[in-house]
Participant: 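Have a look at this one.
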Amino acid sequence: MTKQIKTSITISASKERIWQILTAFDKYPEWNSFIKSVSGDVKVGNQIQIKLQGMTFKPFVLTLKENAELKWLGHLWFKGLFDGEHLFKLTDNGDGTTHFEQSEHFSGILVKLFSKNLDKDTKNGFEQMNKELKLRAEKH
């Protein structure tokens, strides 16, 4: 079973400014109500620690392209049970704005069990974080 959640927002700021905010993990408590903290050395192949509301997991960084994309893959307990590949993607719209996409592709035998929660709580968390990122990036 697989499932994808995809959210996006247009932000009136450069990719570079948004990337700077997105990768200043130590500042997340100041603005990010969804992801409480990111710790560890965020480099491709490394395992990092992510804290959400009431949940901590340790994904591996798959992609880190400066000013463009950050992707990680995490597992609940063990691979194949409930896996999530999370993506932050920045695209320059060419008009002084940036398209910010946050998505996650879920797979594993427990996806169906968590499906309603993902549609409601997880998607709402993504959308809230997108709005908070927009507010912070558009401040001058």
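Excluded from the calculations below are hydrogen atoms, water molecules and symmetry mates; all remaining heavy atoms, backbone and side chain alike, are included.
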Participant: Mind checking salt bridge (Lys or Arg N to Asp or Glu O under 4.0 Å) for K134 and listing every partner two or more places apart, or none if nothing turns up?
Facilitator: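 Partners of K134 under the salt bridge (Lys or Arg N to Asp or Glu O under 4.0 Å) test: E138.
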
Participant: Please, which pairs that meet side-chain hydrogen bond (donor to acceptor under 3.5 Å, both in side chains) have at least one residue in residues 101-115, sequence neighbours excluded?
Facilitator: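 Found K3-S115, H86-Q102, H86-E104, Q102-N130.
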
Participant: How far does CG of L113 sit from CE of M1, to the nearest 0.5 angstrom?
Facilitator: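 If we round to the nearest 0.5 Å, L113:CG and M1:CE are 10.5 Å apart.
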
Participant: Taking all heavy atoms of Q47 and all of K58, pick out the closest pair and write down the distance.
Facilitator: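 For Q47 versus K58, the nearest heavy atoms are NE2-O, 2.9 Å.
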
Participant: Is there a donor-acceptor pair under 3.5 Å between the side chain of Y28 and the backbone N or O of L22?
Facilitator: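 Indeed, once roles are kept as given, a pair shorter than 3.5 Å links the two residues.
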
Participant: In sequence, state the C-alpha distance, the side-chain angles, and the governing distance for I48 and V61, and then conclude on side-chain contact (heavy atoms from CB on, under 4.5 Å).
Facilitator: CA-CA 7 Å; I48 58 175; V61 179; 3.9 Å; yes

Participant: By side chain to side chain contact (heavy atoms under 4.5 Å, CB included), which residues pair with N124, not counting sequence neighbours?
Facilitator: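 Applying side chain to side chain contact (heavy atoms under 4.5 Å, CB included) to N124 gives K120, E127.
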
Participant: With rounding to the nearest 0.5 angstrom, report the CG to CD distance, N67 to Q20.
Facilitator: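 Result: 9.5 Å between the selected atoms.
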
Participant: For the residue pair F88 and W72, is the inter-centroid distance of their aromatic rings smaller than 6.0 Å?
Facilitator: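 Here the rings of W72 and F88 have centres that are less than 6.0 Å from each other.
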
Participant: Using only heavy-atom distances, determine whether the side chains of E132 and Q128 contain a donor-acceptor pair under 3.5 Å.
Facilitator: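 Note: E132 and Q128 side chains meet the donor-acceptor criterion.
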
Participant: Any non-hydrogen side-chain atom of T98 less than 4.5 Å from a side-chain atom of T10?
Facilitator: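 SC-SC contact between T98 and T10 ruled out.
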
Participant: Specify the closest pair of heavy atoms between A137 and A13, including all atoms of both residues, with the distance to one decimal.
Facilitator: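 Minimum heavy-atom contact is O-CB, 3.8 Å.
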
Participant: What's the separation between atom OG1 in T63 and atom NZ in K89, rounded to the nearest 0.5 Å?
Facilitator: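 If I round to the nearest 0.5 Å, the distance is 10.5 Å.
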
Participant: To the nearest 0.5 Å, how far apart are CD in Q49 and CZ in F57?
Facilitator: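 Reported to 0.5 Å precision, the distance equals 10.0 Å.
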
Participant: Minimum heavy-atom separation for I5 to F106, with atom names?
Facilitator: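 The pair with the smallest heavy-atom distance is CD1-CE1, 3.9 Å.
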
Participant: Examine distances only and state if a side-chain atom of D83 and a backbone atom of G80 form a donor-acceptor pair shorter than 3.5 Å.
Facilitator: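 A pair under 3.5 Å: yes.
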
Participant: Taking all non-hydrogen atoms of both residues into account, name the closest pair between D119 and K123 and its distance.
Facilitator: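 Heavy atoms of D119 and K123 come nearest at O-CB, 3.3 Å.
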
Participant: Could you go through residues 35-42 and list every donor-acceptor pair under 3.5 Å that involves a side-chain atom there, pairing it with any protein atom two or more places apart or in another chain?
Facilitator:
{"from": "K36", "atom 1": "NZ", "to": "S33", "atom 2": "O", "distance (Å)": "3.1"}
{"from": "K36", "atom 1": "NZ", "to": "Q53", "atom 2": "OE1", "distance (Å)": "3.2"}

Participant: Is it the case that H99 and N93 place a side-chain donor and acceptor less than 3.5 Å from each other?
Facilitator: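 Judged by distance alone, the side chains do not pair up.
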
Participant: At what distance, to the nearest 0.5 angstrom, does CZ of F100 lie from CG of L133?
Facilitator: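 The CZ atom of F100 sits 5.0 Å away from the CG atom of L133.
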
Participant: Under 4.5 Å between side-chain heavy atoms, chaining through other members, with only Ile, Leu, Val, Met, Phe, Trp and Tyr counted: pull out the rest of the cluster around L62, sorted by chain and number.
Facilitator: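 Listed partners: L73.
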
Participant: Testing the basics here: between K71 and L87, what is the closest heavy-atom pair and its distance to 0.1 Å?
Facilitator: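 Scanning both residues, the minimum pair turns out to be CB-CD1, 4.1 Å.
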
Participant: Spell out, yes or no, whether I50 and F60 are grouped together once hydrophobic residues are joined by side-chain heavy atoms under 4.5 Å, including indirect joins.
Facilitator: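 Shared cluster, no.
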
Participant: For the backbone of I11 and the side chain of T97, can you confirm whether one donor and one acceptor N or O come within less than 3.5 Å of each other?
Facilitator: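 The answer is no, because no donor-acceptor pair under 3.5 Å joins these two groups.
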
Participant: My understanding is that a hydrophobic cluster links ILVMFWY residues whose side chain heavy atoms are under 4.5 Å apart, including indirect links. Using that, what else belongs to the cluster containing L135?
Facilitator: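 For L135, no cluster forms, as it stays isolated from other hydrophobic side chains.
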
Participant: Which heavy atom of R17 sits nearest to which heavy atom of R136, and what is that distance?
Facilitator: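 The pair with the smallest heavy-atom distance is NH2-O, 3.1 Å.
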
Participant: Do F82 and I109 make a side-chain contact, defined as non-hydrogen atoms from C-beta onward lying under 4.5 Å apart?
Facilitator: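 Contact flag for F82/I109 side chains = no.
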
